[in-house]
Amino acid sequence: MRVTVQDMSERVERGGEYEKHGGFPVYRAVEDNGGPDFGRFVEGMRTVQDLAVSTAPPPEVLAQAAEQAEALAALLAPYQVPEGEQTGGRSIGLPGRGSLLMLPWTVEKFDATGVRSTGVFRRFHMGGNGAAHGGTLPLLFDDMFGMITHAYGRPISRTAYLHVNYRKITPIDTPLVIEGQVDRVDGRKTFITAKLMDSEGTVLADGEALMLVLLAGQP
Ligand SMILES: CCCCC/C=C\C/C=C\C/C=C\C/C=C\CCCC(=O)SCCNC(=O)CCNC(=O)[C@H](O)C(C)(C)COP(=O)(O)OP(=O)(O)OC[C@H]1O[C@@H](n2cnc3c(N)ncnc32)[C@H](O)[C@@H]1OP(=O)(O)O
């Protein structure tokens, strides 16, 4: 089942309580996932990232690529906005919410019983010998833990610790799934676990985290 914009943004705005937790701005989802060309733009950028780490162009091609990269940066530079107003990261119907930092995964389940997301690690995420870079897994888990916290209805929280067990090699360009849920709540503390699996259900990595609800004024 595909998660709607309303599902996620209602959690953030629930009861207005979120305004009071920490110094965090309230993030609102972008209604239309940034419009018809935003998803296309982000996917194009990801493909460029994949190619930037997997090609060895001759000097004349590199000179053209550098010029085009500089031209693209100059095109976008006048449109910088403060945190919370940018399109990327708030387009929750897009893979990775349209953020180039996040893994481009798609949330399929988002409720109090847990969150499930599917996707692939791309060439851009490769560490060595066809395996995802070890640092990209905690990124995926941390984002999951954040979403699980929200889906459970907990106020804005930060990761106090995050532990990942690498059980098997995580291959790139292979459809995978990550699932997790809140295991236990103790005051400000939310304990969460999640598992990254292949299409046959083999666990490639599992993780656990402590998320702490921010106190008023905490950054
Ligand atoms: C963008 C969306 C647009 C709209 C779409 C809508 C919805 C989107 C939905 C979801 C959004 C999705 C994802 C969100 C994504 C990601 C979330 C990621 C979150 C992060 O990625 S955030 C960055 C990394 N994170 C930090 O940058 C934290 C730095 N840090 C601190 O800010 C402090 O450290 C803090 C505040 C954590 C705690 O500080 P503090 O002073 O308030 O609390 P204190 O230390 O007193 O601890 C209280 C009790 O926790 C115990 N405790 C503490 N730490 C522990 C540890 N490590 N291990 C074991 N126990 C621990 C103590 O022992 C004590 O326990 P006790 O009470 O029993 O004595």
Side-chain angles (χ1 to χ4, degrees), residues 1-35 38-39 42 81-119 134-165 178-194 196 207-219:
M1 187 195 73
R2 196 144 171 98
V3 176
T4 66
V5 168
Q6 285 75 16
D7 286 336
M8 294 175 93
S9 51
E10 275 170 13
R11 303 269 174 193
V12 169
E13 298 190 36
R14 185 179 51 90
E17 285 290 306
Y18 281 83
E19 309 272 3
K20 297 178 197 148
H21 286 282
F24 243 79
V26 172
Y27 294 118
R28 291 192 169 79
V30 174
E31 288 286 331
D32 57 354
N33 294 314
F38 183 68
V42 174
V81 290
E83 180 188 349
E85 294 175 27
Q86 78 289 348
T87 313
R90 297 193 303 127
S91 301
I92 62 179
L94 295 180
R97 300 193 298 276
S99 163
L100 281 176
L101 174 64
M102 296 305 142
L103 275 302
W105 286 39
T106 302
V107 175
E108 294 185 342
K109 177 192 166 199
F110 183 90
D111 63 37
T113 66
V115 175
R116 181 174 62 246
S117 181
T118 57
T136 59
L137 273 77
L139 176 62
L140 178 68
F141 275 90
D142 194 36
D143 201 47
M144 270 296 281
F145 292 139
M147 287 196 284
I148 291 165
T149 306
H150 284 291
Y152 194 78
R154 296 286 280 165
I156 292 289
S157 303
R158 280 205 186 269
T159 316
Y161 72 70
L162 184 166
H163 184 102
V164 174
N165 297 307
I178 187 165
E179 292 179 351
Q181 65 288 313
V182 170
D183 286 351
R184 188 161 62 87
V185 169
D186 175 12
R188 291 173 62 202
K189 300 175 187 175
T190 311
F191 295 90
I192 305 180
T193 52
L196 174 68
E208 62 161 306
L210 167 61
M211 309 294 288
L212 274 177
V213 173
L214 290 180
L215 301 173
Q218 273 184 325

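In each ligand, atom 1 is the first atom listed, and ligand 1 is the first ligand listed. Predicted, not measured: the structure shown is a model, and the values here were computed from it. Positions are given from 1 along the sequence.
Minimum interatomic distance between Leu162 and Phe145 (heavy atoms only, all atoms of both residues): CG-CE1, 4.0 Å.
Remark: ligand 1 atoms within the under-4.0 Å shell around heavy atoms of Ile92 are 5 (C). Interface atoms of ligand 1 facing Leu212, defined by a heavy-atom separation under 4.0 Å, are 37 (C), 38 (C), 47 (O), 48 (C), 50 (O), 53 (C). Within ligand 1, the atoms closer than 4.0 Å to a non-hydrogen atom of Ala29 are 4 (C), numbered from 1 in the order shown.
The distance from atom OH of Tyr152 to atom CE of Met211, rounded to the nearest 0.5 Å, is 14.5 Å.
Residue Ser157 has no nitrogen or oxygen atom sitting less than 3.5 Å from a nitrogen or oxygen atom of ligand 1, judged on distance alone.
At distances below 3.5 Å, not a single donor-acceptor pair connects side-chain atoms of Thr106 with backbone N or O atoms of Pro104. At least one donor-acceptor pair under 3.5 Å links the side chain of Gln86 to the backbone N or O of Gly84. A donor-acceptor contact shorter than 3.5 Å is absent between the side chain of Arg188 and the backbone of Leu212.
Of the heavy atoms in Thr149, none comes closer than 4.0 Å to ligand 1. Under 4.0 Å from ligand 1, heavy atoms of Met147 appear from its side chain as well as its backbone.
With distances taken over non-hydrogen atoms, the option nearest atom 57 (N) of ligand 1 out of Ala160, Gly89, Ala209 is Ala160. For the residues Thr159, Leu139, Ile156, Val107, the heavy atom positioned nearest atom 26 (C) of ligand 1 is part of Thr159. Here atom 23 (C) of ligand 1 lies nearest to Arg158 when heavy atoms of Gln218, Arg158, Lys189, Arg188 are compared.
Of the N and O atoms on the side chains of Glu108 and Ser117, not one donor lies less than 3.5 Å from an acceptor on the other residue.
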